[in-house]
Amino acid sequence: MSMGSRDGLQPEDSGASDVGASGEPLKGSSSKRRVWLLVGGILAAVVIITLVVVFFLTRSGSNPLSSSTPSASVSASATAVSSASPTAAPPATSSAAPVEPAAPVALPTDCYKIFDQAYLDTYGSAELNSPLLEPIISRIPDIEALRASLPGIECRWGGPTEGGTASSVNAVTPAQQDEAIALAVANGASCEDWEEGTKCRIFQRLDEWYTAEEYFFRDGLWVSTWLAGTIGDENTITQEMTSSIESTLWP
C-alpha cells in the first residue's frame, strides 16, 4: 500500500526544479528568480517613464528638434529682412557750380555814359541840359508824371529852335513798369518784346514836324527817349537813340 501510494503521487511541475532530494528548496533557483524579477521591474519602470515623457511631449507639441528649427529660421528671416531694408540714400550733390544770377544794372548818373561814343559824336557841340529846353521828357502828362516820380537821370540835348532830343533812365518796380506800359498802350503806343525786355513806341505827326517817344523796360530800368524832327527821318532817329542806350547799359 505504501509503495502504491508513493508511486501514485506526481510532483508539481512548478516546484519540481526548486525542491532537492531531501525535500528542501534549492537556494540557487530562488536567487536567479529574484534577479530576473529585479531586472524586469527596472525595464518596466524605464518603459513607463519613457511613455510618460513621450505622452507629455506629444501633448504640448514641443519637439526638441523641431523647436530649435523655427527659432533659427525666424532669426534668419529677421536678419534677412533687416539687412534687405532700404536705407536712406544720401542727398544727391551736384558737381556743377551754382549759377549766379546776373547782377542788376546800376542806375547811371552820367549822361555821357548812357550812349555809345558813335552816337555821342552825332551831337557835336550840342548843349547838354540847356535851361532853355522844356524840363520834361515825355510829352504825355500821365506817363511823364509817373516817370518824374521815380529816381533816375535826365539828359536833354540841343536848343529850343533845333527840336532837340531828350532821354532818361529811371529805376522802376515791376508794378510801376506794368502801370507805365498800360499808360503807353492807352495813349496809342505799340509794344513788343525786344532785347530781353519790352519796348513801346508812340509817334505823333504835326504838319511837317513829328514827335516820337520810345520806352524800353528791362531789369528794373525804364529808358525813355523823345525826339522832335522833320518828316522823313522819324523811323530811325528815336530807335537809334534807344538802341545806343540799350547796347551801352547791357553790353
Side-chain angles (χ1 to χ4, degrees), residues 102-120 122-123 126 128-130 133-158 160 162-206 209-251:
V105 177
L107 185 65
T109 58
D110 188 346
C111 289
Y112 288 97
K113 293 183 178 179
I114 68 172
F115 297 100
D116 59 37
Q117 189 59 47
Y119 193 83
L120 287 174
T122 63
Y123 285 99
L128 173 63
N129 290 333
S130 169
L133 295 175
E134 292 185 81
I136 58 176
I137 301 296
S138 173
R139 270 52 177 179
I140 300 174
D142 291 343
I143 295 177
E144 177 62 13
L146 175 60
R147 188 208 63 77
S149 69
L150 305 174
I153 185 175
E154 299 176 356
C155 307
R156 303 174 187 86
W157 305 88
E162 300 172 358
T165 62
S167 302
S168 64
V169 181
N170 296 90
V172 66
T173 65
Q176 292 165 341
Q177 174 178 317
D178 291 342
E179 182 181 357
I181 292 175
L183 288 172
V185 172
N187 283 276
S190 58
C191 300
E192 61 179 342
D193 294 335
W194 183 74
E195 294 294 339
E196 301 183 34
T198 301
K199 182 172 69 172
C200 299
R201 178 178 172 84
I202 299 175
F203 178 81
Q204 293 179 328
R205 180 170 180 169
L206 305 170
W209 289 80
Y210 73 90
T211 61
E213 296 187 21
E214 282 189 347
Y215 316 112
F216 176 59
F217 304 91
R218 179 178 173 182
D219 298 336
L221 294 183
W222 174 5
V223 175
S224 298
T225 59
W226 176 89
L227 174 69
T230 57
I231 296 298
D233 59 3
E234 67 274 11
N235 294 324
T236 60
I237 294 181
T238 53
Q239 296 180 38
E240 290 174 358
M241 290 176 63
T242 305
S243 296
S244 179
I245 298 174
E246 187 276 330
S247 64
T248 303
L249 298 182
W250 293 276

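- Rounding to the nearest 0.5 Å places CH2 of Trp194 at 11.5 Å from CZ of Arg201.
- At a threshold of 4.5 Å between non-hydrogen side-chain atoms, the residues Thr198 and Phe216 do not count as touching.
- In terms of heavy atoms, Ala212 sits closest to Phe203 at CB-CD1, 4.0 Å.
- Closest of all the heavy-atom pairs between Ile143 and Leu183 is CG1-CB, 3.8 Å.
- What you find for Gly152 and Asn170 is that their closest heavy atoms are CA-ND2, 3.7 Å.
- With a 4.5 Å cut-off on side-chain heavy atoms, Pro108 and Lys113 do not count as touching.
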For this session: Run the numbers on Trp222 and Ser224 for side chain to side chain donor-acceptor pair (under 3.5 Å), then give the verdict.
Result: CA-CA 6 Å; Trp222 174 5; Ser224 298; 3.0 Å; yes
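- To the nearest 0.5 Å, atom CZ of residue Phe115 and atom CE of residue Met241 are 5.0 Å apart.
- Looking at Thr225, Ile202, Ile181, Val223 one by one, the single match for side chain to side chain contact (heavy atoms under 4.5 Å, CB included) with Tyr215 turns out to be Ile202.
- Across Gly158 and Ala126, no two heavy atoms sit closer than the pair N-CB, 4.0 Å.
- Between Val169 and Leu107 there is a side-chain heavy-atom pair separated by less than 4.5 Å.
- In terms of heavy-atom proximity, Pro135 sits nearest to Arg156 at C-NH2, 3.2 Å.
- The structure places OG of Ser247 at 11.5 Å from OH of Tyr119, a figure rounded to the nearest 0.5 Å.
- Every pair passing salt bridge (Lys or Arg N to Asp or Glu O under 4.0 Å) that includes a residue from residues 187-199 is listed here, sequence neighbours excluded: Glu196-Arg218.
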For this session: Before giving the answer on side chain to side chain donor-acceptor pair (under 3.5 Å), spell out for Ser244 and Asp116 the whole-Å C-alpha distance, their side-chain angles and the decisive distance to 0.1 Å.
Result: CA-CA 6 Å; Ser244 179; Asp116 59 37; 3.3 Å; yes
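- The distance from the CD atom of Glu154 to the SG atom of Cys111 is 8.5 Å, given to the nearest 0.5 Å.
- Scanning all heavy atoms of the two residues, the minimum distance from Ala171 to Leu221 falls at CA-CD2, 4.2 Å.
- Residues forming a side chain to side chain contact (heavy atoms under 4.5 Å, CB included) with Ile136 (at least two apart in sequence, or on another chain): Glu134, Arg139, Glu144.
- One finds the CD atom of Glu214 at 12.5 Å from the OG atom of Ser138 (value rounded to the nearest 0.5 Å).
- Distance CG/Leu128 to CG/Leu133: 9.5 Å, rounded to 0.5 Å.
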